[in-house]
Amino acid sequence: MTDIQMQQISMKLKTYQFEFKELALESGLIDDYIGFIPGEAPEPFPLIISEILSESEKLVKPRGGYALFKNISIDRENKKTIIENVELGTRSIVTRHMDKSGLIAVFACTAGAEISHLASDYNKNGHTVHAYIADSLGSIAVERAMDMIQDHLKSSMEELGLNITNRYSPGYCGWDIKEQSKLFGLLPDHFCGINLSESMLMKPIKSVSGIIGIGKDVTFDAYSCNYCKDVNCLYRGKR
């Protein structure tokens with residue numbers, strides 16, 4: 001790819017909004033997430049899951065997107081990824097995967113506040129199992145929406161002869177959650193309806209953010225779970 005082509009796609013902002021049905025979330029996926037063998041959740045879970053999926057179709061419309069940056073550098077010695085002169089302390093795992101990038105996508109995605117409100121309403125009415133499943137569904141929905149956005153990015157970059165890395169987020173692989181503020185400083189204010197609290201948590205709660213490396217020689221690999229100590233990572237064991 002020429003420098004002119006790189007410049008043309010640099011800083012490109014792309015946003016998406018999905019209907020809940022587009023996520024194609026099946027009850028078996030939720031079974032697995034909450035600890036059951038898919039299709040073998042005992043009663044009353046199948047009925048509750050079906051009810052919440054139906055309710056979510058009316059409420060949940062995930063949004064997300066990314067900005068592409070060409071002005072990047074990798075500080076291998078200090079384990080930092082630098083985007084538009086903003087230094088991100090991405091530590092060893094993430095920095096290594098960004099190493100051969102010519103572009104970096106800064107992304108954010110949210111399932112919206114509605115699914116959390118639904119879970120809260122269930123809780124207030126004493127329906128704790130409903131609340132737990134609704135909350136779990138919010139986590140699943142935002143990750144599936146981000147999977148779809150990442151697939152779009154992958155396809156568009158492949159047309160230009162480029163590959164992408166896995167996606168990496170503050171709070172994982174040793175990358176300090178406090179750096180959310182730096183990340184969001186690279187995106188437009190209130191990007192896709194997402195804001196940060198003083199403690200660097202995203203609002204709506206069911207949101208994700210991070211970076212994806214792009215280049216001819218970068219690779220998309222199984223997540224490096226053997227090298228990471230975070231046993232609660234959403235990506236642990238993901239291929």
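Quick note: numbers below take in every heavy atom, side chains included, and nothing from hydrogens, waters or symmetry partners.
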Participant: Is the shortest heavy-atom distance from the side chain of Asp135 to the side chain of Leu137 under 4.5 Å?
Facilitator: no
Participant: Roughly how far, to the nearest 0.5 Å, is NZ of Lys79 from CD1 of Ile74?
Facilitator: 13.5 Å
Participant: For the residue pair Ile72 and Ser101, what are the closest heavy atoms and their distance?
Facilitator: CD1-O, 3.5 Å
Participant: When you look at Asn195 and Met202, which way does the side chain to side chain contact (heavy atoms under 4.5 Å, CB included) test go after all the steps?
Facilitator: CA-CA 6 Å; Asn195 293 302; Met202 288 176 281; over 6 Å; no
Participant: Can you give me the closest heavy-atom contact between Cys192 and Gly65, atom names plus distance?
Facilitator: SG-N, 4.1 Å
Participant: Measure up the His130 and Tyr122 rings against each other and bin them: parallel (under 30°), tilted (30 to 60°), perpendicular (over 60°).
Facilitator: tilted
Participant: Group every Ile, Leu, Val, Met, Phe, Trp and Tyr by side-chain heavy-atom contacts under 4.5 Å, then state whether Ile214 and Met148 land in the same group.
Facilitator: yes
Participant: Establish whether Phe18 and Leu59 are linked, either directly or via other cluster members, by ILVMFWY side-chain heavy-atom contacts under 4.5 Å.
Facilitator: yes
Participant: Please confirm whether Lys14 makes a cation-pi placement over Tyr16, using NZ or CZ under 6.0 Å from the six-membered ring centre and within 45° of the ring normal.
Facilitator: yes
Participant: Check whether Glu84 reaches the backbone of Phe69 with its side chain - one donor and one acceptor, N or O, closer than 3.5 Å.
Facilitator: no
Participant: Side chains of Glu158 and Leu162, heavy atoms from C-beta outward: is any pair under 4.5 Å?
Facilitator: no
Participant: Taking all non-hydrogen atoms of both residues, which atom of Gly28 and which atom of Pro38 are closest, and how far apart?
Facilitator: O-CB, 3.6 Å
Participant: Does any part of the side chain of Phe107, heavy atoms only, come nearer than 4.5 Å to the side chain of Leu153, both counted from C-beta?
Facilitator: no
Participant: Does some side-chain heavy atom of Val106 sit less than 4.5 Å from a side-chain heavy atom of Leu183?
Facilitator: yes
Participant: Using the rule given for side chain to side chain contact (heavy atoms under 4.5 Å, CB included), can you reason through Asp189 versus Phe184, listing the C-alpha separation, both sets of side-chain angles and the distance that settles it, and then say yes or no?
Facilitator: CA-CA 8 Å; Asp189 290 343; Phe184 273 86; over 6 Å; no
Participant: Verify the distance criterion only: is there a donor paired with an acceptor across the side chains of Thr90 and Lys80 at less than 3.5 Å?
Facilitator: no
Participant: What is the distance from atom CD1 of Ile211 to atom CD1 of Ile104, rounded to the nearest 0.5 Å?
Facilitator: 5.0 Å
Participant: Would you check if the side chain of Ser56 reaches a backbone N or O of Val60 as a donor-acceptor pair within less than 3.5 Å?
Facilitator: no
Participant: With the 4.5 Å side-chain cut-off for hydrophobic clustering, are Ile133 and Leu29 part of the same group?
Facilitator: yes
Participant: Please test Asn163 against Lys216 for side chain to side chain contact (heavy atoms under 4.5 Å, CB included), starting from the C-alpha separation and ending with a verdict.
Facilitator: CA-CA 6 Å; Asn163 302 311; Lys216 287 184 177 180; 5.6 Å; no
Participant: Would you give the length of the straight line joining atom OH of Tyr66 to atom CZ of Arg167, rounded to the nearest 0.5 angstrom?
Facilitator: 13.5 Å
Participant: Around atom CD of Glu77, are there more than 12 heavy atoms of other residues, nucleotides or ligands at under 6.0 Å?
Facilitator: no
Participant: Out of curiosity, does Val218 fall in the hydrophobic cluster containing Leu88 (side-chain heavy atoms, cut-off under 4.5 Å, transitive links)?
Facilitator: no
Participant: For side chain to side chain contact (heavy atoms under 4.5 Å, CB included), just list the numbers for Ile83 and Thr81, CA-CA rounded to whole Å, side-chain angles, deciding distance to a tenth of an Å, and then say yes or no.
Facilitator: CA-CA 7 Å; Ile83 305 173; Thr81 300; 4.3 Å; yes
Participant: Within a strict 4.5 Å, meaning less than it, do heavy atoms of the Lys206 and Ser139 side chains meet?
Facilitator: yes
Participant: Can you measure from OG (Ser27) to CD1 (Ile48) and round to the nearest 0.5 angstrom?
Facilitator: 13.0 Å
Participant: Rounded to the nearest 0.5 Å, how far apart are CD1 of Ile52 and OG of Ser136?
Facilitator: 9.0 Å
Participant: In terms of ring plane angle, is the pair Tyr168 and His97 parallel, tilted or perpendicular, where the classes change at 30° and 60°?
Facilitator: tilted
Participant: Minimum heavy-atom separation for Pro170 and Gly210, please, with both atom names.
Facilitator: CD-CA, 4.1 Å
Participant: Check the surroundings of atom CD1 in Ile205: do more than 12 heavy atoms from other residues, nucleotides or ligands lie under 6.0 Å from it?
Facilitator: no
Participant: Flag the pair Ile140 / Ile30 as yes when at least one side-chain heavy-atom distance between them is below 4.5 Å, and no otherwise.
Facilitator: yes
Participant: Taking Gly213's backbone N and O only, do any of them form a donor-acceptor pair with Thr165's side chain (distance below 3.5 Å, no angle check)?
Facilitator: yes
Participant: List the atom of Ser209, the atom of Ser169, and the distance in Å for their closest heavy-atom pair.
Facilitator: O-OG, 2.5 Å
Participant: Quick one: does any side-chain atom of Lys182 pair with a main-chain N or O of Glu87 as donor and acceptor, under 3.5 Å?
Facilitator: yes
Participant: Does Glu40 reach the main-chain N or O of Ile37 with its side chain, forming a donor-acceptor pair under 3.5 Å?
Facilitator: no
Participant: Answer yes if Ile194 and Leu196 sit in the same cluster of Ile, Leu, Val, Met, Phe, Trp and Tyr residues linked by side chain heavy atoms under 4.5 Å apart, and no otherwise.
Facilitator: yes
Participant: Say whether, by atom type as modelled, one donor and one acceptor occur between the side chain of Ser155 and the main chain of His152 under 3.5 angstrom.
Facilitator: no
Participant: Do the ring centers of Phe36 and Phe45 come within less than 6.0 Å of each other?
Facilitator: yes
Participant: Are Lys124 and Ser120 close enough that some pair of their side-chain heavy atoms sits under 4.5 Å apart?
Facilitator: yes
Participant: State, to 0.1 Å, how close Pro46 and Pro42 come at their nearest heavy-atom pair, and which atoms those are.
Facilitator: CD-O, 3.1 Å
Participant: Under a 4.0 Å N-O cut-off, is there an ion pair linking Arg91 with Asp176?
Facilitator: no
Participant: Is it true that a side-chain atom of Asp31 and a backbone atom of Gly39 form a donor plus acceptor pair closer than 3.5 Å?
Facilitator: yes
Participant: Does a side-chain heavy-atom distance below 4.5 Å link Thr110 with Lys203?
Facilitator: no
Participant: Are there more than 12 heavy atoms of other residues, nucleotides or ligands under 6.0 Å from atom CD of Glu26?
Facilitator: no
Participant: Nearest 0.5 Å please: distance from the CG atom of Leu23 over to the CG atom of Leu53.
Facilitator: 10.5 Å
